[in-house]
Structure formats: structure tokens, C-alpha cells
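Here is the structure we will look at.
So you know, we letter chains A, B, ... as the sequences are listed, proteins then strands, and number each from 1.
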There are 2 protein chains.
Amino acid sequence: MELYKIHPQHYVAVDCVILGYQDEEIKLLLYPRSFEPYKGKWSLLGGFVQDNESADEAAARILKQTTGLEQIFLEQVASFSEPDRDPEARVISLAYYALIRIDLHDEEKVKDNGAYWVSISKLPNLIFDHQQMFEKALVKLQQKAGYSLCGHELLPERFTLIQLRKLYEAIFRREFDPGNFRKKMLSLDVLEKLKEKDVSESRKGAFYYRVKEGWDEKDSERIVKL
Amino acid sequence: MELYKIHPQHYVAVDCVILGYQDEEIKLLLYPRSFEPYKGKWSLLGGFVQDNESADEAAARILKQTTGLEQIFLEQVASFSEPDRDPEARVISLAYYALIRIDLHDEEKVKDNGAYWVSISKLPNLIFDHQQMFEKALVKLQQKAGYSLCGHELLPERFTLIQLRKLYEAIFRREFDPGNFRKKMLSLDVLEKLKEKDVSESRKGAFYYRVKEGWDEKDSERIVKL
DNA sequence: ACAAAAGTGTTTAGATTACACCCATGA
DNA sequence: TCATGGGTGTAATCTAAACACTTTTGT
């Protein structure tokens, strides 16, 4: 303890890159900062790590406060520690990213925080190094989607293969051949075909699928070639 | 500033997983902790983040103090922030991993720190969560080696394809077919064949290669299938 | 000449890609 | 019946893997 006391202490924050999927686009939850400096500028949702919690717990707490959701996918992105990254004080920030189903989140809570879902193709300028946090989080999402089938986190319980492909096209910002994508996904043996069809998009209708029991989090083989 | 003051501050440390390659084994630099608690127990090399430096800079500082090396490969692994991870005080630690050429490091400095190179197949118990830090760092190294040719960081300037294969076998803890490995590496078009041979291992001798100019850090395609 | 390590070639199996084609259905 | 998306099949290409084979050189 004595030996530690010669060293400085720092504020430690977590900032969350909260990602969802809606209208064939990946969206990011942002809010206009409510205090100076940079009041009114767009910011990720964040907060400070308290004495009795780990950073993981702090991130989960912030996620629950702002979206009402618990036990959702949440992972570290990187730490950001430039001494002057926040002009007001020395704050070391640990960036996290979360994948949530927009259809499940608590709209009231989001409104209370003054937060908005913004398409990642139309992002405004963000404060501090939050742009970098987002970019690193997107790379992490692409890596995750390349190895595990992340329909479960971003899509509703039931989804069609077309919806899954559109999701992957949004994540990777490129198109996939419909036939080949379908075959690849089915060959992974993690999807269960349901009896119902989604008839909202075509006359013929597309069968719904869902992730098989037990395959929720299990990683599978490589899906998308870099 | 006022708004920040209601939040606690914490000690922030960096711990470095310093990896090298020698005698066909990956080695980790460890030292016996010199103060209580856990005095004498094996620990990664670490230190506290000061007011005027980023965590990256702190890690580079510690690396220079302990090995004498500068401008070497150094990357974040993860943050560790369980409130009681250090029984003495709340310390949030940012883990880094470094790849160094053992043939270049300053043996005096290492001795002064009481540090030793330990083969990763014979690691002792480490304090706190340092074992986890090492394991995550090893995964990161495997990912890096799978995408970029990391001979440059761990091997001498010149190396034979056999030496490179032995390095990859140490990193991935499995064997590679000599013929296929050679063909794969050469097909990447990042190696330059030199005129000299290494004659220490065989009568015939094996040609030395080196990484082509400009390919130092550039990532290439996938090398090792998971 | 031969042992031993360095390096090359060949064959097979599987995955990826592009793209043509068939199917089901409501208007 | 036909337009429209949903879904299947196939051939060409590329890659990984297994393994047999040739080369070089000191003794």
C-alpha cells in the first residue's frame, strides 16, 4: 500500500458503442452531451467506474440505464488513455461494444437519456476519441460476425435467410451472392427451419429460421472470408 | 470538472506480457515480485500509469527499463478491473503484449530487474490475474501470426524457412508440413531470398531469407487456418 | 556412395465463386 | 399468365493437405 501511494490515481470511465440493426442498417446509440465542455456535441453513452464494480459491470450498468436491457452481448474494445483526451481532466476510458436487438430495447429509457439511434453511414462528428472507439468496435463486430453467427444478438428470435444476409451486408458493407450465402449458412448446421413464412416481402414468402438450441454463443467455423 | 469530482479515482497499472523466441520455444519474461503482498511470487513486468503519459507510453517505458529496447511491437491485450484483483488496493490494470528479439535485448537490464526468460511450456503460477493476461496475449499472438508474417519481430534479421516454421510451430503448438509451409510462405511474396546459407544445421545448408523492404508491418492474407 | 537435411512436385479433397435455372404465388 | 422475389443446381476455380520424390554436400 505504501508503495502504491507515490503513484497518481485517475478517473476511469467506460464508453459504450451500442450497436443495433434496423431498416437494413447498423445503428449506433448516441446522445448530445449534457454538460460542458462540448455540451450538445454527440457522444457515446458512458460513465465512471465506481469503487465496488469492475469495468465490465460498469458497462453493463450503463447499458441497463440507457436501454433497459440486461445480459446482452458486451465486450471490451480497447483502452484510451492519452493524457489530454478529455480537456477537463485526466480520464482513462475503457471502450466497450454491445449488440442489442432494437426491437427489445426500452424506448422510454432511451428518450429519457435524450439518446438517438443513428445510422452508421450518417454519423455526426463525435467528441473526444469516440470516433476511434466506434471504428475499432466495428472491426470487432466484423471479426465476431466472421467467426460466429451473430444473428441472435441483432435480429429478432425468428428471421429469414434474406434478413440474415442483409444484416451481414450491413456489417461488412458489401454484397453477398444470395445463393452462396444461403448454402454457407445452412452448411454450418446451426439454423433450424421453422414452419412459418415471412410473407411481408414477397408473394411466395420466405421461411423463418432460428438459431438452434445450445448454439447461442458457440463459435463456429470461419464464415466470411476477409 | 465539478461533475467529475463526485466519482472515485483509481490506480491504473500496465502489465506487460513480454514474449521472445529462443531454442525453438516461446519465452515469457517474468520476475519475482520484490514487495508484499506475494513477495517472491512470479509476476509480469508492470508499473503505474503516471500523470503525463498514456498507457501505451507507460508500457513502452517499462519495456525500455527492463529490456533496454525501444520501438518494438507493443499492443493492448485487455483491461483487468475486478475490484479485488489486487488485495492491497484497487488497481485497474491494462495488459499489453510485446514481441522482442531475445538476441537484441539488454541482458544487464534484465538481470538488474531480477527477471528471467521462462519457457511458456513450463510457466510457474503467476500472481493476481497475470495468468489470464498471458493466455489472452498468446491468443493475440496467434491471431497476429495468422494474418501477418511475424518473423520480423521474433527472429533475427536473417532466418531460414525452417527457422520460421519452427517459430510458427512454437506459436501454434502444432506441427506444419515442411513442404506446404514453405510454399505458403513463399507464395505471400513478402520474403526475399539471400545469397548466404545457414550451414550450421545440415551439410546442404539452408538459404537465408529476410522480410522485403516495406513489408515490415503490412498485413498480408490469412496464413494459418484456425 | 550414402546419410541427412533442404527443397520440389503431384495428387486428391474440399471450399469458394459466378451464374443459370426452377419454384411458388397473388394480382 | 406473368412478374417477383425465394430457393436450387452446376461447372470452373482456388486452396489445403498428404506425401512421394529430387537435390546438395560432408564424410
Side-chain angles (χ1 to χ4, degrees), chain A residues 23-24 142 145-149 151 155-156 158-169 172-210 219-226, chain B residues 23-24 142 145-149 151 155 158-169 171-210 219-226:
Chain A
D23 303 330
E24 306 190 358
Q142 290 179 346
Y147 282 100
S148 84
L149 193 106
L155 291 175
R158 307 184 311 168
F159 50 85
T160 67
L161 281 166
I162 289 91
Q163 290 169 345
L164 185 62
R165 176 166 54 83
K166 292 265 165 73
L167 169 62
Y168 268 76
E169 290 179 341
F172 287 95
R173 297 153 167 271
R174 75 171 179 98
E175 299 200 330
F176 293 94
D177 178 279
N180 294 338
F181 183 85
R182 155 183 298 274
K183 267 176 292 182
K184 180 72 186 173
M185 287 298 164
L186 292 176
S187 76
L188 298 176
D189 194 35
V190 300
L191 292 178
E192 180 181 4
K193 189 177 189 170
L194 303 180
K195 293 190 190 81
E196 299 97 317
K197 280 184 166 187
D198 168 23
V199 290
S200 66
E201 298 290 323
S202 72
R203 311 187 198 292
K204 184 178 177 182
F207 279 103
Y208 281 117
Y209 289 79
R210 73 173 172 208
D219 269 5
S220 57
E221 58 185 296
R222 187 165 189 73
I223 296 170
V224 176
K225 213 179 133 185
L226 230 85
Chain B
D23 302 330
E24 305 190 0
Q142 290 179 347
Y147 281 101
S148 83
L149 194 106
L155 290 176
R158 309 184 308 168
F159 50 85
T160 67
L161 281 165
I162 289 92
Q163 289 169 345
L164 186 62
R165 174 165 56 82
K166 292 264 165 73
L167 169 62
Y168 268 76
E169 291 179 339
I171 292 173
F172 287 95
R173 297 154 167 272
R174 75 172 180 95
E175 299 200 329
F176 292 95
D177 178 279
N180 294 338
F181 183 86
R182 155 184 299 274
K183 267 178 290 183
K184 180 71 185 172
M185 287 298 165
L186 292 176
S187 76
L188 298 176
D189 193 36
V190 300
L191 292 178
E192 180 182 3
K193 189 176 188 173
L194 303 181
K195 294 191 189 82
E196 300 97 317
K197 280 182 167 189
D198 167 24
V199 291
S200 65
E201 298 290 322
S202 72
R203 310 188 198 291
K204 185 179 176 183
F207 280 104
Y208 281 117
Y209 289 78
R210 72 172 173 208
D219 269 6
S220 57
E221 59 184 293
R222 187 165 189 73
I223 296 169
V224 176
K225 213 180 136 186
L226 231 86

Checklist entry - So do A/E201 and A/I162 actually touch side chain to side chain, heavy atoms under 4.5 Å? => result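 No, every pair of side-chain atoms sits at 4.5 Å or beyond.
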Give every pair of a protein N or O atom and an N or O atom of nucleotides 9-11 of chain C that lie under 3.5 Å apart, one pair per line with the distance.
unit_1, atom_1, unit_2, atom_2, d
C/dG9, O6, B/K183, NZ, 3.1
C/dT10, O4, B/K183, NZ, 3.1

Rounding to an integer number of Å, can you tell me how far [X] [atom1] sits from [N] [atom2]?
{"X": "B/K184", "N": "D/dA17", "atom1": "NZ", "atom2": "P", "answer": "9 Å"}
{"X": "B/M185", "N": "C/dA6", "atom1": "CE", "atom2": "C1'", "answer": "17 Å"}
{"X": "B/L161", "N": "C/dA6", "atom1": "CG", "atom2": "P", "answer": "10 Å"}
{"X": "A/E24", "N": "D/dG5", "atom1": "CD", "atom2": "C1'", "answer": "13 Å"}
{"X": "B/F207", "N": "C/dG7", "atom1": "CZ", "atom2": "C1'", "answer": "10 Å"}
{"X": "A/Y208", "N": "D/dG6", "atom1": "OH", "atom2": "P", "answer": "12 Å"}
{"X": "B/Q163", "N": "C/dA6", "atom1": "CD", "atom2": "C1'", "answer": "13 Å"}
{"X": "B/F176", "N": "D/dA17", "atom1": "CZ", "atom2": "P", "answer": "9 Å"}

Item to check | Those residues that, when tested against A/D177, pass side-chain contact (heavy atoms from CB on, under 4.5 Å) (two or more places apart) | outcome: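 Expected list: A/N180.
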Checklist entry - Of all residues at least two apart in sequence or in a different chain, which pass the side-chain contact (heavy atoms from CB on, under 4.5 Å) check with A/K195? => result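 Here no residue qualifies.
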Next on the checklist: Could you work out, with salt bridge (charged side-chain N to carboxylate O under 4.0 Å, His left out) as the rule, every residue matching A/E169, not counting sequence neighbours?
Outcome noted: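 For A/E169, the residues satisfying salt bridge (charged side-chain N to carboxylate O under 4.0 Å, His left out) (neighbours in sequence not counted) are A/R165.
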Checklist entry - Sequence neighbours excluded, which residues qualify as salt bridge (charged side-chain N to carboxylate O under 4.0 Å, His left out) partners of A/E175? => result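 Counting only residues at least two positions away or on another chain, A/E175 forms no salt bridge (charged side-chain N to carboxylate O under 4.0 Å, His left out).
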Checklist entry - Which ones in residues 196-206 of chain B lie close to DNA chain D, meaning a heavy atom under 4.0 Å from one of its atoms? => result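 Going residue by residue through residues 196-206 of chain B, the ones with a heavy atom under 4.0 Å of DNA chain D turn out to be B/R203, B/K204.
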Item to check | Set of side chain to side chain donor-acceptor pair (under 3.5 Å) partners for B/R210, sequence neighbours left out | outcome: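 Per chain and number, B/R210 pairs via side chain to side chain donor-acceptor pair (under 3.5 Å) with B/E192.
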Item to check | Partner set under side chain to side chain donor-acceptor pair (under 3.5 Å) for A/D23, not counting sequence neighbours | outcome: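 Partners of A/D23 under the side chain to side chain donor-acceptor pair (under 3.5 Å) test: none.
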Checklist entry - Looking across every strand, which nucleic acid part, if any, lies under 4.0 Å from A/I162 by heavy atom: base, sugar-phosphate, or nothing? => result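 The residue A/I162 makes sugar-phosphate contact but no base contact.
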Checklist entry - To the nearest 0.5 Å, how far apart are OH in A/Y209 and CD in A/Q163? => result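 The OH atom of A/Y209 sits 12.5 Å away from the CD atom of A/Q163.
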Next on the checklist: For B/F176, give me all partners under ring-ring contact (aromatic ring centres under 6.0 Å, His included), at least two apart in sequence or on another chain.
Outcome noted: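 Result, ring-ring contact (aromatic ring centres under 6.0 Å, His included) vs B/F176: B/F181.
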